[in-house]
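For reference, the structure is listed below as structure tokens.
Being a predicted model, the structure only gives us computed values, none of them experimental. Sequence positions, counted from 1, serve as the residue numbers for this chain.
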Amino acid sequence: QVQPAESGGRSVLAGGFLRLSCAPSGRTFSRDNVGWFRQAPGIERNLVAAIHWSGTMTYYDDSVKGRFTISRDNAKNTLSLQMNNLRPEDTADYYCARLSWWDGKSRATGVDWGQGTQVTVSS
């Protein structure tokens, strides 16, 4: 079983940037599609960005397109999410997960969830 470990979340001012990292334990996810999800209080968890196992295809939610960049290093077995020009509405707990199913766009099923990392953006 893959157990992701997210890191990098903290409090920042609007307009700032953060880089989230995910390093799974248990096994490599180099052959898995993976994604970043976020969940704000009172809102269901949703897919923010996803990347094909080869790194050749990505997806971004419209709310983060042009500001966030997902990347992976299969040699190091790590996943990253570069978040620029952060907004207060980006405030949420962020999770990385292996995708057991993904339509290549917004619909995906995440499995092997980590504990998440908290991002707080204040204006």
Side-chain angles (χ1 to χ4, degrees):
Q1 180 181 357
V2 178
Q3 182 63 53
E6 302 92 342
S7 63
R10 62 181 177 88
S11 296
V12 296
L13 294 176
F17 63 92
L18 286 174
R19 186 175 182 86
L20 305 184
S21 297
C22 173
S25 62
R27 69 172 178 86
T28 177
F29 63 14
S30 61
R31 288 289 182 173
D32 296 309
N33 299 328
V34 289
W36 285 97
F37 295 74
R38 69 183 179 188
Q39 184 170 24
I43 300 176
E44 66 178 9
R45 190 178 301 182
N46 64 0
L47 183 65
V48 173
I51 187 166
H52 189 265
W53 68 266
S54 67
T56 59
M57 184 173 69
T58 58
Y59 158 79
Y60 297 96
D61 184 81
D62 285 344
S63 65
V64 306
K65 200 171 293 183
R67 300 187 297 122
F68 290 13
T69 303
I70 188 171
S71 61
R72 65 189 301 160
D73 185 333
N74 287 339
K76 296 181 179 179
N77 201 32
T78 58
L79 177 70
S80 298
L81 185 68
Q82 178 68 38
M83 307 189 297
N84 298 329
N85 191 20
L86 283 161
R87 303 168 180 171
E89 53 264 39
D90 295 319
T91 295
D93 291 326
Y94 284 73
Y95 303 85
C96 70
R98 181 172 65 88
L99 304 181
S100 61
W101 179 83
W102 179 35
D103 70 351
K105 298 179 181 178
S106 63
R107 295 188 300 162
T109 300
V111 296
D112 300 331
W113 297 98
Q115 295 300 309
T117 186
Q118 188 175 59
V119 173
T120 303
V121 185
S122 56
S123 57

*Spacing of Asn84 atom CG and Phe17 atom CZ [to the nearest 0.5 Å]*: 7.5 Å
*About how many Å separate CG of Asn33 and CD1 of Ile51, when rounded to the nearest 0.5 Å?*
9.5 Å
*Which pairs with one or both residues in residues 55-123 pass disulfide bond (SG atoms under 2.5 Å apart), sequence neighbours excluded?*
Cys22-Cys96
*What distance separates Phe29 CZ from Leu79 CG, expressed to the nearest 0.5 Å?*
5.0 Å
*Hey, are the side chains of Ser106 and Asp61 touching, using non-hydrogen atoms and a 4.5 Å cut-off?*
no
*If only atom types and distance count, is the side chain of Thr91 paired as donor or acceptor with the main-chain N or O of Val121 below 3.5 Å?*
yes
*When rounded to the nearest 0.5 angstrom, what is the spacing between CD1 in Ile70 and OG1 in Thr58?*
7.5 Å
*To the nearest 0.5 Å, tell me how far Ser122 OG sits from Arg87 CZ.*
15.5 Å
*Could you tell me which non-hydrogen atom of Gly8 sits nearest to which non-hydrogen atom of Thr117, and how far apart they are?*
N-OG1, 3.9 Å
*salt bridge (charged side-chain N to carboxylate O under 4.0 Å, His left out) pairs, two or more places apart, involving residues 70-79*: none
*Just by distance, do the side chain of Ser30 and the backbone of Asn74 share a donor-acceptor pair under 3.5 Å?*
no
*What closest approach, in Å, do Glu6 and Tyr95 show between heavy atoms, and which atom pair accounts for it?*
OE2-CA, 3.4 Å
*Pairs flagged by salt bridge (charged side-chain N to carboxylate O under 4.0 Å, His left out) wherever residues 38-55 is involved - sequence neighbours left out*: Arg38-Asp90
*For the pair Asp103 (side chain) and Lys105 (backbone), establish whether a donor and an acceptor sit closer than 3.5 Å, ignoring hydrogens and angles.*
yes
*With side chains defined as the heavy atoms from C-beta onward, is the minimum distance between Met83 and Leu20 less than 4.5 Å?*
yes
*By side chain to side chain contact (heavy atoms under 4.5 Å, CB included) - contacts of Gln115 (at least two apart)*: none
*Take Asp32 and Asp112 through the test side chain to side chain contact (heavy atoms under 4.5 Å, CB included) and record every step on the way to the result.*
CA-CA 12 Å; Asp32 296 309; Asp112 300 331; over 6 Å; no
*Measure the spacing between CG of Leu47 and CG of Leu99 and express it to the nearest 0.5 Å.*
6.5 Å
*Pairwise side chain to side chain donor-acceptor pair (under 3.5 Å) hits with a residue in residues 7-21, at least two apart*: Arg19-Gln82
*asked:* Does anything in residues 35-76 form a ring pair (Phe, Tyr, Trp, His ring centres under 6.0 Å)? List the pairs, not counting sequence neighbours.
replied: Phe37-Trp113
*Provide the closest heavy-atom pair for Ala14 versus Pro88 in the form atom of the first, atom of the second, distance.*
CB-CD, 4.1 Å
